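Data block below; observations after.
Just so we're clear, the structure is a prediction, and the values are computed from it rather than from any experiment. Throughout, protein chains are lettered first and strands after them, A, B, ... in sequence-line order, and every chain is numbered starting at 1. Side chains included, hydrogens not; waters and symmetry mates left out as well; all remaining heavy atoms used.
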There are 2 protein chains.
Amino acid sequence: MRYLILLRWMMKIYKDEARRRYLEAYSIAHLFSFPVEELIEVHEYERDEWIIQEGTRPDFLFYVLEGKAKIYVTHQNGKVSLINFINENDYIGEMELLNEVYYTKGIQSSTKTVCFALPFYRCRTQLLEDVTFLRELTKFLSGKATQMAAKYSQSLAFPLENRLADFILQTADQEIYKEKHVTVCDFLGVSYRHLLHVLAQFCSSGFLKKEGRHYRIVQPEPLYELAEVLKNR
Amino acid sequence: MRYLILLRWMMKIYKDEARRRYLEAYSIAHLFSFPVEELIEVHEYERDEWIIQEGTRPDFLFYVLEGKAKIYVTHQNGKVSLINFINENDYIGEMELLNEVYYTKGIQSSTKTVCFALPFYRCRTQLLEDVTFLRELTKFLSGKATQMAAKYSQSLAFPLENRLADFILQTADQEIYKEKHVTVCDFLGVSYRHLLHVLAQFCSSGFLKKEGRHYRIVQPEPLYELAEVLKNR
DNA sequence: GCAATAATATGAGATATCTCATACTTTTGA
DNA sequence: TCAAAAGTATGAGATATCTCATATTATTGC
């Protein structure tokens, strides 16, 4: 069981040239049919900083330019679930834009993260009337809903062995798998103990080889087979 | 493990007066900013009929007027997951409208079901440019994504005991719980054997009383407590 | 109305996963 | 630089859940 610790406020807002540089480098004009540039703030969050605190409504719609983040929810029994990862070109805060009543999940950056931030109070109405924006957001949300439905049904239908094989193949850098165990536990929803147990199994089956704190993928084929059964068709 | 059986084609399309009657009774003009009435077909599906067959792209966007349905997906290991229930005022086929590539889930009516059906080939482009429609759909999808995320994280964080208590309270008719066990297994993602085991526990704890094929809720309070821990804050 | 099918029911043994205790190592903050 | 915190590691026992076998009862199609 893990507890989420709140860090102090370190977010930076880029001004002037720094801001201008980002607006030029990442034009998102094509995502809107009205001029948003003047409303945009550019925010930078450090690694492990909370972009949104769980249970606290954000004041901005974010669009991630650089970096990665994680969506967390804390359950009443103290268990923490890592619901999903957020990557470049993802939205943050869209749920709160759309829904008056919504339990806000915590969002924590896992690398330095730079986002465009659109203040709700200045453009909520306009956003909700903007075809281009809504069409983009609709696609984004349909992807999320599909992804969550897949994760849900897979988590119930398959043991960790299969889901972990898939996760290893998806996150490995070349032949090296080196995700933090504690993060993976929260994401796959299993105990630390059990995760290590299945990793040890993979090693003794010769699929992986432990090298210090990393794992080398020695035999990808059996891992692919284990992961393959998750896919539909 | 259950297998989905395909039934023969029994769908009815309402014409003339029958059609007109539905168009009048259920105006959905407010969901679109262009005139859709002339494009609308009114479809009726019998109980247990497949509205969409798994793996087969539909030709319509549906909007459910009367009835209920279930979304199923079949995994490679033969397990079947009941991903969600569909109710009145829900959309069907919106994933296929938005995404060129998408694995279509099976949708089966669980009661007689009447829907409006908008043929993709006649209005896809218009729909994707319609603010009113997109805003509605965005809210619908954000709700779905949130709901699936909640189900996912709950399924990993809590044993059946808690999730079943919640399900019983949500589906009970007055004090009587009478869902089909086989459906509930698919929905909560547990084996038939285990479901009966936990139900028997509830009975021996005096929360439920078995009456023939139904269960009477004798003590709602402890069930509420079990269900309560699923909720955030 | 009957045969086939689906749903309910229960036992027994297997296994996937969790909890707790404890120890060691690495990273981090002041 | 050093103490605290976070991450890694492993054992042992508990429990949540699954599989399989088998029997009974209800529903359905023809």
Side-chain angles (χ1 to χ4, degrees), chain A residues 1-8 10 46-49 75 77-82 108 110 154-165 177-204 208 210-215 226, chain B residues 1-8 10 46-49 75 77-82 108 110 154-165 177-204 208 210-215 226:
Chain A
M1 197 181 312
R2 298 176 58 236
Y3 296 92
L4 298 177
I5 308 297
L6 299 182
L7 304 179
R8 70 179 181 293
M10 300 183 286
E46 290 185 26
R47 177 166 185 275
D48 291 341
E49 191 172 358
H75 299 281
N77 62 1
K79 277 199 186 175
V80 170
S81 291
L82 170 47
Q108 186 182 36
S110 41
Q154 288 166 6
S155 74
L156 296 175
F158 298 96
L160 180 61
E161 187 180 42
N162 301 97
R163 296 179 292 131
L164 180 59
Y177 167 78
K178 52 181 172 187
E179 296 300 314
K180 273 197 211 156
H181 295 333
V182 286
T183 305
V184 180
C185 292
D186 290 343
F187 186 63
L188 298 179
V190 295
S191 67
Y192 188 91
R193 190 65 194 81
H194 189 54
L195 174 63
L196 285 223
H197 180 237
V198 177
L199 278 171
Q201 258 178 233
F202 283 174
C203 289
S204 73
L208 298 180
K210 194 168 171 187
E211 300 185 340
R213 332 206 97 216
H214 301 167
Y215 292 79
L226 285 171
Chain B
M1 196 183 310
R2 297 176 59 236
Y3 296 92
L4 298 177
I5 308 298
L6 299 181
L7 304 179
R8 70 178 181 293
M10 299 183 284
E46 290 184 26
R47 178 166 184 273
D48 291 340
E49 191 172 356
H75 298 284
N77 62 2
K79 279 199 185 174
V80 169
S81 291
L82 170 47
Q108 186 183 37
S110 41
Q154 288 166 6
S155 74
L156 295 176
F158 299 96
L160 179 61
E161 187 179 42
N162 301 95
R163 296 179 291 130
L164 180 59
Y177 168 76
K178 52 182 173 185
E179 295 301 314
K180 273 199 212 155
H181 296 332
V182 284
T183 305
V184 179
C185 291
D186 290 342
F187 186 63
L188 297 179
V190 294
S191 66
Y192 188 91
R193 191 66 195 82
H194 190 53
L195 173 63
L196 285 224
H197 180 237
V198 176
L199 278 171
Q201 257 179 229
F202 283 174
C203 289
S204 74
L208 300 181
K210 193 167 173 187
E211 299 185 341
R213 332 207 98 215
H214 301 166
Y215 292 80
L226 285 171

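End-to-end axis angle of the helix from C:dG1-D:dC30 to C:dA30-D:dT1, using five pairs per end and rounding to 10°, comes to 70°.
Atom CD in B:E161 sits roughly 16 Å away from atom P in C:dC18 (whole-Å rounding). In this structure, the CG atom of B:L156 is 14 Å from the C1' atom of D:dA16, given to the nearest Å. Spacing between atom CG of B:N77 and atom P of C:dT15 amounts to 17 Å, rounded to whole angstrom units. D:dT28 atom P lies 16 Å from atom CD of B:E49, rounded to whole Å. Note: OH (B:Y177) to C1' (C:dT8) measures 13 Å, nearest angstrom. C:dA16 atom P lies 9 Å from atom NE2 of A:H197, rounded to whole Å. At whole-Å resolution of the value, CG in A:L199 and P in C:dA16 are 15 Å apart. Across the protein-nucleic acid pair, B:Q201 atom CD and C:dA9 atom P stand 16 Å apart, rounded to whole Å.
In plain terms, the two heavy atoms of A:R163 and A:Q154 that are nearest each other are CD-O, 3.8 Å. Minimum heavy-atom separation, B:T183 to B:L82: CG2-CD2, 3.5 Å. Scanning all heavy atoms of the two residues, the minimum distance from A:E179 to A:V184 falls at CB-CG2, 3.6 Å. Taking every heavy atom of both residues into account, B:C185 and B:L195 meet most closely at SG-CD2, 3.7 Å. Taking each heavy atom of A:L226 and A:A165 in turn, the nearest pair found is CB-CB, 3.6 Å.
Taking NE2 of A:H181 as the start and CZ of A:R213 as the end, the distance is 8.0 Å to the nearest 0.5 Å. The line from CG of B:L160 to OG of B:S155 is 11.0 Å long, rounded to the nearest 0.5 Å. Annotation: the span from A:L156 atom CG to B:L156 atom CG amounts to 7.5 Å, rounded to 0.5 Å.
Applying the ring pair (Phe, Tyr, Trp, His ring centres under 6.0 Å) rule to A:F158 yields the partners B:H75; only residues at least two apart in sequence or on another chain are considered. When the side-chain contact (heavy atoms from CB on, under 4.5 Å) test is applied to B:R193, the partners found at least two apart in sequence or on another chain are B:S191, B:L196, B:H197. Residues meeting the side chain to side chain donor-acceptor pair (under 3.5 Å) test with B:H194, sequence neighbours left out: none.
B:Y177 and B:Y215 have tilted rings, their planes meeting at an angle from 30° to 60° on a 0 to 90° scale.
Proximity note for B:R163 (side chain, C-beta onward) versus D:dT19, C:dT17, D:dT17: the nearest is D:dT17. In the set D:dG7, D:dA9, C:dA16, D:dA9 carries the atom at the smallest distance from any side-chain atom of A:Y215.
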Measure all distances between protein nitrogen or oxygen atoms and nitrogen or oxygen atoms of nucleotides 24-28 of chain C, and list the pairs falling under 3.5 Å.
none

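Using a 4.0 Å cutoff on non-hydrogen atoms, the parts of residues 188-196 of chain B near DNA chain D are B:G189, B:V190, B:S191, B:R193, B:H194, ordered by number.
A:H181 has a side-chain polar atom (N or O) that falls below the 4.0 Å cut-off from OP1 or OP2 of D:dA9. One finds a side-chain N or O of B:K210 lying less than 4.0 angstrom from the OP1 or OP2 phosphate oxygen of C:dA9.
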